[in-house]
**Q** 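Before I ask anything, here is the structure I am working with.
By convention in this document, chain letters (A, B, ...) are assigned in the order of the sequence lines, proteins followed by strands, and residues within each chain are numbered from 1.
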Number of protein chains: 4
Amino acid sequence: MRSEKSPDGQRTFVDAARRAQLVRCTVEAIAEVGMRKASLAEIARRAGITKGAIFYHFANREELVNEVLVTLLTEGARYMGERIAEQADPAAELRAYLESNIDYIATHRAEVAALVAIAMNHTDERGGAREVDASVYGESLRPLEDILRRGQEQGLFCAFDTRTTAMTIRAAIDAIGPQLSAIPDLDLDRYTTELVALFDRATKRVPA
Amino acid sequence: MRSEKSPDGQRTFVDAARRAQLVRCTVEAIAEVGMRKASLAEIARRAGITKGAIFYHFANREELVNEVLVTLLTEGARYMGERIAEQADPAAELRAYLESNIDYIATHRAEVAALVAIAMNHTDERGGAREVDASVYGESLRPLEDILRRGQEQGLFCAFDTRTTAMTIRAAIDAIGPQLSAIPDLDLDRYTTELVALFDRATKRVPA
Amino acid sequence: MRSEKSPDGQRTFVDAARRAQLVRCTVEAIAEVGMRKASLAEIARRAGITKGAIFYHFANREELVNEVLVTLLTEGARYMGERIAEQADPAAELRAYLESNIDYIATHRAEVAALVAIAMNHTDERGGAREVDASVYGESLRPLEDILRRGQEQGLFCAFDTRTTAMTIRAAIDAIGPQLSAIPDLDLDRYTTELVALFDRATKRVPA
Amino acid sequence: MRSEKSPDGQRTFVDAARRAQLVRCTVEAIAEVGMRKASLAEIARRAGITKGAIFYHFANREELVNEVLVTLLTEGARYMGERIAEQADPAAELRAYLESNIDYIATHRAEVAALVAIAMNHTDERGGAREVDASVYGESLRPLEDILRRGQEQGLFCAFDTRTTAMTIRAAIDAIGPQLSAIPDLDLDRYTTELVALFDRATKRVPA
DNA sequence: GATGAATGAGTTTTCATTCAT
DNA sequence: GATGAATGAAAACTCATTCAT
């Protein structure tokens, strides 16, 4: 075990590789068979190792799932952060935020499915008040609130509570995942256009 | 019950009461400890009876959960339908829709938590394309789309895709539940006001 | 309960009727769904009463099954005894024994199926050394041995151990039930003729 | 095992040993307490392991019971096949068939008891028409019919339906198991001699 | 005489976790 | 680093039996 072998938290290359592989297999397992049936046996099978070996790399199931969560969140944040950074003004940033998010969802269905499943299970099991989730929400919402606030400061956006609006935008995006499962041939381009337009109307300053 | 008794579906008073009690206990159990840990043992414990007794009243776990689902949905639909029916025009209806939904969520936290948990588990286990869920979504979205379409026909609302907009409104509402768990002292009145304003801006027709 | 109400073992008419009805329903249940799934609930369902009521007429499941056993055995013995009594000599009686037995099996499939299932379960559960079964075997074998012995005394049959031969005849008959289940369109007339001929050759005295 | 491991069906030595041990314990359990009470808990207790361990080696109860069935059938077939192969003519083969079968029953009481119990339960639960059973019966009857047919072709046996006769011989043998349970001190040598003589008379050609 | 309700012991099965090798 | 084997706690479900009414 990590903690036993290297108290300084160092990890060997092989260990890191296995962890990454296990994270990947877990994502696929959860996306395909759901949280409930994504047992360690199933994950090990996909990774081509034994159940027991998992415990060499992760203290327990929870630690593995947490790593999955952190990995997906980080990955997603990077994916979207880059696109937004290139924009000229907050209005363009908001549009880029929506577009890059939906694009990510469209091109990372397994990841999104796994993410939603894990998040649900967390909200579920610990009554929603879990540290990880809280920070996740905060972390993911802050950049969006920043965009909105700067937009208001620059006179591009009208007056509204940035938190409520940020949450609504986030919710509109997060609702796409489940819908995609139900309606696999959903027209995402159209959806994107409509959403961009909707939040444009909802946020833009109306000149007197 | 049911399977052991007369096929005419007759139910005694005691049976109906126990079923209702079990539904209530199941809602509370799911809301408090989550779907996964809301075992029949846990539910029976809360109801003060034995596991075996549950099977006297329900054929299996699924039947119990289904009854919970139907009960909550029916209850919710009645709660909100009444308020919306009294409104004068689609714009007022949309406001009433938002207000009554958020009000319901605020005053029925356990029910909403249970509903979300059950819905998630369904999406999870059957790959998201389950009849019940599909109809649930459709059923809950249709009245909202109706309001939006009528608003457009009467020239009150601007041009937009009613389905996308309805889904966004729904998503904004559904996001409140999880947030409430994370931030128990969320100011719901403010949230409501903001949301009403946001979707008012997003939908109203701007005179030339 | 019988024993509580009438220590003299008297039974009311209604009680006797219900017992008979329950015996009949049990036979059908066992024949159709097998011993394992012929639960008291299933039997009660077929009788149109509740599980609890069964315990008014029978102390427990075992007593009910025993009554079924005794009833079927008695019924069968009467059915065959009559035909055999009419015969002129032991050779004719042996033929009549075979014919009436096979005929009974052909016309009482449910009864035979139930009988076999119950017998098996008994042999099964108590290691085969149960009083009922022992007597059953003895009772059913004695008349057959009598026929064989008289045949030998009258010089119609050759020398052989009557017990072994009786058992073989019985076994040949008892094997028909299971075969009928496997091969429903078995030609029983042919089977009868062959069996009669076989045991005729095996028992008849060959003149010097 | 099996489901958790490599699909090439590889088995370790320990696994094979445990499987064999579990098969043995299952045979004994069924022979002693009957199919109904031979629960996995009982079998595990006899094997000195936990219930859970059984599922490591067998996917489920059915797979375990099937392995028992196949093992016993194979064992029995080998035991008897050898003796019959050495015989000079069909009449001697028939005698060897009877003798080796009865000998097997005498020396493998638990195996025979278990075999009968399992077979019965199968007939019982699936309405008698199960593939396994059908093939079992066919497989076990065919060699016997072969002997009889060859005997007829060689003019050693008289005219009779080989199927009916084979079944009768089989039934006479199969009846010994239950009798042994009921009458533990049955004189099997005598029984064998009598049976051989009986079927000799019943099958041999009587010269004109 | 019978019902509706409940019990409690038992069944098979699943799975995260442990550990000797 | 990893495997094979096993554990033990929990799950859903079944059913004979009891009993107040």
Side-chain angles (χ1 to χ4, degrees), chain A residues 1-2 5 12 14-15 18 36-44 48-62 64, chain B residues 1 3-6 10-15 17-18 36-42 44 47-62 64, chain C residues 1 5 12 14-15 18 36-44 48-62 64, chain D residues 1 3-6 10-15 17-18 36-44 47-62 64:
Chain A
M1 258 297 322
R2 275 163 25 258
K5 302 213 164 181
T12 66
V14 176
D15 181 50
R18 266 269 183 269
R36 196 113 137 198
K37 302 219 289 202
S39 64
L40 292 186
E42 171 67 19
I43 292 165
I49 60 172
T50 56
K51 257 192 308 185
I54 295 180
F55 288 89
Y56 186 84
H57 302 284
F58 295 93
N60 48 39
R61 185 179 212 279
E62 202 183 343
L64 168 57
Chain B
M1 253 313 94
S3 48
E4 293 184 14
K5 257 223 301 260
S6 46
Q10 290 265 35
R11 242 160 234 158
T12 61
F13 175 73
V14 176
D15 181 47
R18 262 273 184 268
R36 194 118 130 197
K37 303 222 290 206
S39 65
L40 294 184
E42 171 67 19
I49 58 174
T50 56
K51 261 186 303 181
I54 295 182
F55 289 95
Y56 181 75
H57 298 284
F58 295 92
N60 47 41
R61 184 178 216 281
E62 204 182 340
L64 169 57
Chain C
M1 257 296 320
K5 302 215 164 179
T12 65
V14 175
D15 181 50
R18 265 271 183 267
R36 196 112 136 197
K37 301 218 289 199
S39 64
L40 293 187
E42 172 67 20
I43 293 165
I49 58 172
T50 57
K51 258 194 307 186
I54 295 181
F55 288 90
Y56 186 84
H57 301 284
F58 295 93
N60 48 39
R61 185 179 213 280
E62 202 182 344
L64 168 57
Chain D
M1 255 308 97
S3 49
E4 293 185 16
K5 256 224 302 263
S6 44
Q10 290 265 34
R11 243 161 233 158
T12 61
F13 175 72
V14 176
D15 180 47
R18 263 274 183 266
R36 194 119 127 197
K37 304 222 288 205
S39 66
L40 294 183
E42 171 67 19
I43 292 165
I49 57 174
T50 56
K51 264 184 302 180
I54 295 181
F55 288 93
Y56 181 75
H57 299 283
F58 295 94
N60 47 41
R61 185 179 217 279
E62 201 181 343
L64 169 57

**Q** Judged by each residue's nearest nucleotide on DNA chain E, which is more toward the 5′ side, B:Val14 or D:Glu42?
**A** B:Val14
**Q** Send over the distance from A:Ile49 CD1 to F:dG4 P, rounded to a whole Å.
**A** 11 Å
**Q** To the nearest 0.5 Å, tell me how far B:Phe13 CZ sits from B:Asp15 CG.
**A** 11.0 Å
**Q** Please round to the nearest 0.5 Å and tell me the distance separating atom CZ of A:Phe55 and atom CG of A:Leu40.
**A** 5.0 Å
**Q** Looking at B:Arg18, does any N or O in its side chain come under 4.0 Å of the phosphate oxygens OP1/OP2 on E:dG4?
**A** no
**Q** Between C:Ile54 (CD1) and E:dG1 (C1'), how many Å, whole number?
**A** 14 Å
**Q** Taking a pair as Watson-Crick or G-U wobble with both distances under 3.5 Å, which nucleotide is matched to E:dT21?
**A** F:dA2
**Q** Look at the side-chain N and O atoms of C:Tyr56 and state whether any lies under 4.0 Å from the OP1 or OP2 oxygen of E:dA2.
**A** no
**Q** Please report the interatomic distance OG1(A:Thr50) to CD1(A:Ile54), rounded to the nearest 0.5 Å.
**A** 8.0 Å
**Q** What distance separates D:Arg11 CZ from D:His57 NE2, expressed to the nearest 0.5 Å?
**A** 10.5 Å
**Q** Using every non-hydrogen atom in the two residues, find where A:Lys51 and A:Ala44 come nearest and quote the distance to one decimal.
**A** N-CB, 3.6 Å
**Q** I'd like to compare against my own output: the B/S/- annotation of nucleotides 16-21 of chain F with a strict under-4.0 Å heavy-atom distance to protein.
**A** BBB---
**Q** Rounded at 0.5 Å granularity, tell me how far CD1 in A:Ile43 sits from CD1 in A:Ile49.
**A** 10.0 Å
**Q** Counting just side-chain N and O atoms, does D:Thr12 come under 4.0 Å of either OP1 or OP2 of F:dA5?
**A** yes
**Q** Counting only side-chain nitrogens and oxygens, does C:His57 get under 4.0 Å of the OP1 or OP2 atom of E:dA2?
**A** yes
**Q** Mind calculating the distance between CZ (B:Phe58) and P (F:dA12) to the nearest angstrom?
**A** 15 Å
**Q** A:Lys37 has an atom NZ; how far is it from atom P of E:dA16, in whole Å?
**A** 14 Å
**Q** Have a look at C:Ser39 and tell me which of C:Lys37, C:Glu42, C:Arg36 forms a side-chain contact (heavy atoms from CB on, under 4.5 Å) with it.
**A** C:Glu42
**Q** Does E:dA16 have a Watson-Crick or wobble mate here (both distances under 3.5 Å), and if so which one?
**A** F:dT7
